[in-house]
Amino acid sequence: MDGIEILPLRLAHLDAVLDLGHRAFDVATMPYTSWSLSSVAAHWDAQPDACWVAMEDTGLLGFVLGSLSYDKREDWGYLEWIALEERARGRGVASALVEHCCDALFGAGATSIITDVERGNEASMAMMRRNGFTEGVTVTLLVRPNPRMPRPSGRYPAQDPARTTLRRAARGSRKS
Ligand SMILES: CC(C)(COP(=O)(O)OP(=O)(O)OC[C@H]1O[C@@H](n2cnc3c(N)ncnc32)[C@H](O)[C@@H]1OP(=O)(O)O)[C@@H](O)C(=O)NCCC(=O)NCCS
């Protein structure tokens with residue numbers, strides 16, 4: 001990790017964080033459908049000390065966004081978003097970001113920290129396991145497509161970020 005710093009997320013990082021997330025997450029696929037500026041801002045607003053960036057002299061290398069409370073559980077932390085530029089992967093940067101985020105969430109009173117990993121995301125699964133996460137309850141998203149609607153991509157439509165944020169707020173999944 002020579003030349004790489006882990007720093008608290010600041011306003012000046014938002015644009016680069018949003019851009020990296022758009023390149024790293026497939027927003028047509030769960031659990032990435034709610035990636036948006038509102039999502040970044042909601043985390044930063046609710047739990048700024050659980051939001052970190054990895055920087056080097058060329059700029060942003062990665063970020064992690066966490067928050068306290070998951071669904072109705074106020075005592076669970078949620079490590080929801082993490083991404084690295086390709087060139088930063090395999091160097092322990094993600095693990096350093098996870099450590100900073102988890103430290104903050106445990107320090108804020110979390111009894112456990114939850115994260116969700118899409119099936120097939122081997123890099124994320126391996127990295128989370130290396131950092132002390134083990135499988136909890138498995139929830140499988142079953143999908144019944146509308147047969148009257150063409151689905152050219154064969155995947156789920158991306159959601160309007162504003163509506164997604166409202167839906168998540170209504171579910172009470174995070175303070176915002
Ligand atoms: C998921 C993701 C963040 C994982 O990043 P990563 O670079 O694999 O994770 P780490 O930082 O833990 O790197 C671990 C690797 O670096 C190596 N490493 C080198 N120096 C290290 C150090 N000082 N400390 C720890 N690991 C180190 C490890 O040996 C390990 O290699 P291995 O996989 O061969 O065992 C990355 O793949 C990514 O951005 N994916 C796209 C976005 C995404 O899917 N996010 C998750 C869902 S929100």
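Remember, it's 1-based here, ligands and their atoms both numbered in the order they're listed. Counting begins at 1 with the first residue of the sequence.
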Subject >> Within one Ile-Leu-Val-Met-Phe-Trp-Tyr cluster: Leu11 and Leu18, side-chain cutoff 4.5 Å >> reply: yes
Original post:
About how many Å separate CG of Asp45 and OG of Ser67, when rounded to the nearest 0.5 Å?
Top reply: 11.5 Å
Subject >> ligand 1 N/O within reach of Trp81 N/O, cut-off under 3.5 Å >> reply: no
Original post:
So, for atom 33 (O) of ligand 1, does the protein have a heavy atom nearer than 4.0 Å?
Top reply: yes
Original post:
Identify the closest protein heavy atom to atom 42 (C) of ligand 1: which residue and atom is it, and at what distance?
Top reply: Ile82 O, 3.7 Å
**OP:** Name the closest protein heavy atom to atom 44 (O) of ligand 1, giving the residue it belongs to and the distance to 0.1 Å.
**Re:** Asn121 ND2, 2.8 Å
Original post:
What atoms in ligand 1 come closer than 4.0 Å to a heavy atom of Ala123?
Top reply: 37 (O)
Original post:
Do you see a protein non-hydrogen atom under 4.0 Å from atom 2 (C) of ligand 1?
Top reply: no
Subject >> Heavy-atom nearest neighbour in the protein, as seen from atom 41 (C) of ligand 1, with distance rounded to 0.1 Å >> reply: Arg89 NH2, 3.6 Å
**OP:** Return the minimal non-hydrogen interatomic distance between Leu60 and Glu85, and the atom names on each side.
**Re:** O-CG, 3.7 Å
**OP:** Determine whether the side chains of Asp116 and Tyr78 contain a donor N or O and an acceptor N or O closer than 3.5 Å.
**Re:** yes
**OP:** Assess whether side chain to side chain donor-acceptor pair (under 3.5 Å) is satisfied between Ser39 and Trp81, documenting all intermediate values.
**Re:** CA-CA 10 Å; Ser39 179; Trp81 301 105; 3.2 Å; yes
Original post:
Would you say ligand 1 has an N or O under 3.5 Å from any N or O of Ala94?
Top reply: yes
Subject >> Distance (rounded to the nearest 0.5 Å) between Leu61 CG and Glu5 CD >> reply: 11.0 Å
Original post:
Under 4.0 Å from atom 28 (C) of ligand 1, is there any protein heavy atom?
Top reply: no
**OP:** Please confirm whether Trp35 and Phe63 have ring centers closer than 6.0 angstrom.
**Re:** yes
Original post:
Under 4.0 Å from any heavy atom of Val93, which atoms of ligand 1 are there?
Top reply: 11 (O)
**OP:** Measure the spacing between CD1 of Ile82 and OG1 of Thr115 and express it to the nearest 0.5 Å.
**Re:** 8.0 Å
Subject >> Sidechain N-carboxylate O distance under 4.0 Å for Asp75, Arg73 >> reply: yes
**OP:** Indicate, as side chain, backbone, both or neither, the part of Leu84 found under 4.0 angstrom from ligand 1 when only non-hydrogen atoms are considered.
**Re:** both
**OP:** Using a strict 4.0 Å cut-off to heavy atoms of Met127, name the atoms of ligand 1 that fall inside it.
**Re:** 9 (O), 10 (P), 12 (O)
**OP:** Please tell me if the side chains of Thr58 and Arg87 come closer than 4.5 Å, counting only heavy atoms from C-beta onward.
**Re:** yes
Subject >> Part of Glu80 with heavy atoms under 4.0 Å of ligand 1, whether side chain, backbone, both or neither >> reply: backbone
**OP:** Please check if a non-hydrogen protein atom sits closer than 4.0 Å to atom 12 (O) of ligand 1.
**Re:** yes
Original post:
Can you check salt bridge (charged side-chain N to carboxylate O under 4.0 Å, His left out) on Glu122 and Arg129, steps first, answer last?
Top reply: CA-CA 10 Å; Glu122 303 297 344; Arg129 284 205 177 104; over 6 Å; no
Original post:
What is the closest protein heavy atom to atom 7 (O) of ligand 1, and at what distance does it sit?
Top reply: Gly90 N, 2.6 Å
Subject >> Residue part near ligand 1, for Val117, under 4.0 Å between non-hydrogen atoms >> reply: neither
**OP:** Among all protein heavy atoms, pick the one closest to atom 8 (O) of ligand 1 and tell me residue, atom and distance.
**Re:** Arg130 NH2, 4.0 Å
**OP:** Flag the pair Trp76 / Ser69 as yes when at least one side-chain heavy-atom distance between them is below 4.5 Å, and no otherwise.
**Re:** no
Subject >> For Ala83, atoms of ligand 1 separated by under 4.0 Å from a heavy atom >> reply: 39 (O)
Subject >> Residue and atom name of the nearest protein heavy atom (relative to atom 23 (N) of ligand 1), distance in Å to one decimal >> reply: Arg91 O, 4.2 Å
**OP:** For atom 26 (N) of ligand 1, grab the closest protein heavy atom and report residue, atom and distance to one decimal in Å.
**Re:** Gly92 CA, 3.3 Å
